[in-house]
Amino acid sequence: MAESSRCFYCREDLGGKRFVRSEGRPVCVRCHTKFCANSCAECRRPISVETKELSHKGRYWHEECFRCAKCYKPLAKEPFSTKDDRIMCGKCCSREDAPRCHGCYKPILAGAESVEYKGNSWHDECFTCFNCKQPIGSQSFLSKGNDVYCSPCYDKKFAKQCVSCKKPITSGGVNYQDQPWHSHCFLCSSCSKPLAGSSFTKHQDQVFCVDCYKTCVAKKCSGCQNPITGFGKGVNVVNYEGGSWHEYCFNCRRCSLSLLNKPFVAKGRDVLCTNCGNKE
């Protein structure tokens, strides 16, 4: 029997049997599978001549093994991509390359509504207020540490509370005696005029504008009969025997000599210097 009619490996007679040639030599199907066939990159088993073989960049697969490494979708007749030597369908490849949501850690696919903040990305529905858990969407928001808050929750949780109305102070405001007020809540106790940015004074735990303090609260100077407000020129006050004077009004009733830090004589409601007092 001719040498060419026998299998190169097992020497079996190939007369009338199916065989293949490997490097020009006749090989039976069984030996070809055992010694010559390519190994499948997926299942690692040999790919026999009786099975359809697929190849890509020097690697080989059984047709049924050529699947997406992520979703296992058969790709023999589908477009595919490779990533890190893995075969993937287009959808899974785009998922693999997509940024991960900082909230749910799932991929943010192209075209999906998303938010980027401080180098991180979120699905639009995952970018939520840390306090109320509602999506922030197009609302304004503020951050505290690594957490984000919608404006109402941030104000409720962190903003100072007005002493008067007990509501959050979101901007501006007045600080008086270490207590916060809305500008529109810091009012004169008498006329309700806003006091922010204007002069005012306190009397018995109440605040008054200058005009109301003069009219309703301030003592009258025993010299000029005008109110002693503590504003402007006459900051210092002289009190004596129930009477009060601006410091510039505390003068001798007769010669108008200033009596500040000087001896004086009282004659009824009048004060006199010692010279004028001794002439009485």
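Source: prediction; values computed, not measured.
In this structure, CD1 on I136 lies 6.0 Å from CZ on F141, to the nearest 0.5 angstrom. Here the straight-line distance linking atom OG of S189 with atom OH of Y213 works out to 12.5 Å at 0.5 Å rounding. Atom CZ in R18 sits 12.0 Å away from atom SG in C28 (nearest 0.5 Å). For the atom pair CZ (F66) and OG (S55), the distance works out to 9.0 Å, reported to the nearest 0.5 Å. Interatomic distance, CZ of R253 versus CG of L272, reported as 9.5 Å (0.5 Å rounding). Summarising the geometry, atom CD belonging to Q139 is positioned 9.0 Å from atom CD belonging to Q134; distances are rounded to the nearest 0.5 Å.
In this structure, S258 and K262 approach most closely via the heavy-atom pair O-CD, 3.3 Å. Scanning both residues, G173 and S183, for their nearest heavy atoms gives N-OG, 3.7 Å. Pairing each heavy atom of S198 with each of P194, the nearest pair is OG-O, 3.9 Å. What you find for C209 and C188 is that their closest heavy atoms are N-SG, 3.4 Å. For the residue pair L187 and H184, the shortest heavy atom distance occurs at CD2-O, 3.4 Å.
Judged as a side chain to side chain contact (heavy atoms under 4.5 Å, CB included), and not counting sequence neighbours, the contacts of C255 are C252, L257, C273, C276. In this structure, the side-chain hydrogen bond (donor to acceptor under 3.5 Å, both in side chains) partners of R86, at least two apart in sequence or on a different chain, are E96. Under the salt bridge (charged side-chain N to carboxylate O under 4.0 Å, His left out) criterion, R59 pairs with no residue, sequence neighbours left out. The side chain to side chain contact (heavy atoms under 4.5 Å, CB included) test applied to H56 returns W61, F80, T82, I87, not counting sequence neighbours. By the side chain to side chain contact (heavy atoms under 4.5 Å, CB included) test, E53 pairs with N38, I47, Y60, sequence neighbours left out. Judged as a ring-ring contact (aromatic ring centres under 6.0 Å, His included), and not counting sequence neighbours, H32 has no contacts. Every residue two or more places apart in sequence or in another chain that forms a side-chain hydrogen bond (donor to acceptor under 3.5 Å, both in side chains) with N239 is listed here: S244. S48 pairs by the side chain to side chain contact (heavy atoms under 4.5 Å, CB included) definition with T33, E50, T51, not counting sequence neighbours. With sequence neighbours excluded, the residues forming a salt bridge (charged side-chain N to carboxylate O under 4.0 Å, His left out) with K202 are D205, listed by chain and number.
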Check residues 99-126 and write down every donor-acceptor pair under 3.5 Å in which the side-chain atom is one partner and the other belongs to a residue at least two apart or another chain.
residue, atom, partner, partner atom, Å
R100, NH1, Y105, O, 3.2
Y117, OH, S143, OG, 3.2
H123, NE2, P107, O, 3.0

Only distances under 3.5 Å count here; give the side-chain donor-acceptor pairs of residues 149-167 to other protein atoms, sequence neighbours excluded, each with its distance to 0.1 Å.
residue, atom, partner, partner atom, Å
S151, OG, S140, O, 3.4
S151, OG, S140, OG, 2.9
Q161, NE2, A159, O, 3.4
K166, NZ, V163, O, 2.9

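Within 6.0 Å of NZ on K77 lie no more than 12 heavy atoms contributed by other residues, nucleotides or ligands. Around atom CZ of F130, no more than 12 heavy atoms belonging to other residues, nucleotides or ligands sit under 6.0 Å away.
Residues L75 and L54 share a single hydrophobic cluster, defined by chaining ILVMFWY side chains whose heavy atoms lie under 4.5 Å apart. Hydrophobic clustering, with ILVMFWY side chains joined whenever heavy atoms are under 4.5 angstrom apart, groups V207 together with W181.
Using a 4.5 Å heavy-atom cutoff, the side chains of C36 and Y9 are in contact. Residues F19 and V27 are not in side-chain contact: their nearest non-hydrogen atoms beyond the backbone lie 4.5 Å or more apart. Annotation: side chain of F186 is in contact with side chain of Y176 (closest heavy-atom distance under 4.5 Å). When side chains are defined from C-beta on, S5 does not count as touching P26, because their heavy atoms never get closer than 4.5 Å.
Proximity of a side-chain donor or acceptor of T215 to a complementary backbone N or O of C212 within less than 3.5 Å is not detected. Checked by atom type and distance alone, the side chain of H62 never pairs as donor or acceptor with a backbone atom of E42 at under 3.5 Å. Counting only distance, with no hydrogens or angles, the side chain of D178 and the backbone of N175 share no donor-acceptor pair below 3.5 Å.
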request  = I would like to know whether C68 and M88 meet side-chain contact (heavy atoms from CB on, under 4.5 Å); could you show each step before the answer?
outcome  = CA-CA 4 Å; C68 174; M88 284 190 282; 4.1 Å; yes

ask   = Do R30 and E12 pass the side-chain contact (heavy atoms from CB on, under 4.5 Å) test, and can you show the C-alpha distance, the side-chain angles, and the key distance before you say yes or no?
value = CA-CA 11 Å; R30 184 178 67 253; E12 181 182 356; 3.3 Å; yes

task = Please report the C-alpha distance between K73 and E78 in whole Å, then the side-chain angles of each, then the deciding distance to 0.1 Å, and finally whether the side-chain contact (heavy atoms from CB on, under 4.5 Å) criterion is met.
result = CA-CA 9 Å; K73 177 183 178 181; E78 300 287 341; 4.1 Å; yes

task = Report the C-alpha distance between K52 and E64 in whole Å, list the side-chain angles of each, state the deciding distance to 0.1 Å, and finish with yes or no for salt bridge (Lys or Arg N to Asp or Glu O under 4.0 Å).
result = CA-CA 9 Å; K52 188 172 182 179; E64 65 272 16; over 6 Å; no

key: Worked verdict on L142 versus K144 for side-chain contact (heavy atoms from CB on, under 4.5 Å)   = CA-CA 7 Å; L142 300 100; K144 189 76 170 179; over 6 Å; no

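Cluster note: F264 groups with V238, Y240, W245, F250, L259, L260, V271 through ILVMFWY side-chain heavy atoms spaced under 4.5 Å, whether in direct contact or through intervening members.
Annotation: cation-pi geometry satisfied between R25 and F8 (NZ/CZ under 6.0 angstrom from ring centroid, within 45° of ring axis).
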